[in-house]
Structures are given as C-alpha cells and as structure tokens.
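Following: one structure in structure tokens, then a few remarks.
All ligand and atom numbering here is 1-based and tracks the order in the structure. Throughout, numbering of the chain's residues begins at 1 and tracks the sequence.
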Amino acid sequence: MPTFDDIWTDKMYTGIAHIDEHHKKLVRLLLAVHAEQQKGGSHERLREILAELVSYTKYHFVAEERLMLEIKYPGLPDQRQAHQDFSAELNERFLSLSIKDERLPGELFEFLRGWYADHILKHDLDIGVFMRNQALLSGHS
Ligand SMILES: [Fe+2]
Ligand SMILES: [Fe+2]
C-alpha cells in the first residue's frame, strides 16, 4: 500500500504555500482512491472519492490559473492547456465508469499518480521559480 511519502517528495515543493497545500491534499485524495480500491469497498464509495478528487482538481486548477494571471506568468497558456487536457481525460475516465462496474480500472491510480507528479515537477515548479526571480516570493524551496 503506497504511503504519502511514496508519492510526495521534497522536490515537489513550489514554495508557494497555498499551492503546496493543494498539491498535498491531491496526494491524500489519490491515496484514498487507492485505499478504497484495495479494500474492495463498494463501487459507490469509490466513485464518491473519485468525484471528490475530480472536483478538488478543478478547484486547484482555477486557483493556480488565477495566480498565474495575477503574476503575469508567461507559461500560463501551456499550463492552461495541460490542465484542460487532463481535465478532459479525467472526466472521460470518470464518466466511462459504469455504476455497475465492480471495480475501477486498475491502471487508474497509476495514471493519476503519474500525471500529478509529472505535472508538478515539469510545470508547477516553474511558477515558483518565476516568482522568486521576480522577487514575488522569498525562500529557496
Ligand atoms: Fe498546474
Ligand atoms: Fe498544480
């Protein structure tokens, strides 16, 4: 069973406090999806947790895009595109789960974990770098 530290590493800190909190909450929701899948709980419960993950992801993307707009971040278009592509894929996967399905597809957790980790490392960290370079943020994490 993966733990928080199997997914989260210190390299994933952007240094932007509220964004880092969002990312950690997303990791915790991911772990909840995995735990529910493993224990073979009701399909309904699994869908509930996944629905929470989907809605929190949307909330986070909105907050992150608002921040990028405020700081005039040049990478905003790329970020927005990445967020939109992922949201579309997430919706599609979520909606394609029939209520009658016994289990969610096994690769779902790996897909989600891979996407979040990759996106934070390749895209979100740069927002923190930009803010530090513009002296909009202190610290070096
Ligand atoms: Fe992002
Ligand atoms: Fe993010």
task = Check whether any side-chain N or O of Asp85 sits under 3.5 Å from a backbone N or O of Ala82 as a donor-acceptor pair, and report yes or no.
result = no
inquiry  = Taking the ring centre of each residue, are Phe86 and Tyr116 less than 6.0 Å apart?
reply    = yes
ask   = Taking 2.8 Å as the cut-off, does an N/O/S atom of His22 lie below it from the Fe ion (ligand 2)?
value = no
request  = Indicate, with yes or no, if the rings of Tyr59 and His22 have centres closer together than 6.0 Å.
outcome  = yes
task = Could you grab the angle centred on the Fe ion (ligand 1), going from OE1 in Glu64 to OD1 in Asp124, to 10°?
result = 90°
message = One thing to verify: whether Glu89 and Arg93 come together as a salt bridge, which I'm taking to mean a side-chain N less than 4.0 angstrom from a carboxylate O.
response = yes
message = the Fe ion (ligand 2) and His23: any N/O/S contact shorter than 2.8 Å?
response = yes
query = Counting distance only, does the side-chain N/O of Asp20 pair as donor-acceptor with the main-chain N or O of Tyr13 below 3.5 Å?
reply = no
inquiry  = Suppose we only count N/O/S atoms under 2.8 Å; would His123 qualify as near the Fe ion (ligand 1)?
reply    = no
task = Quick one: the NE2 of His119, the Fe ion (ligand 1), OE1 of Gln79 angle, rounded to 10°, please.
result = 90°
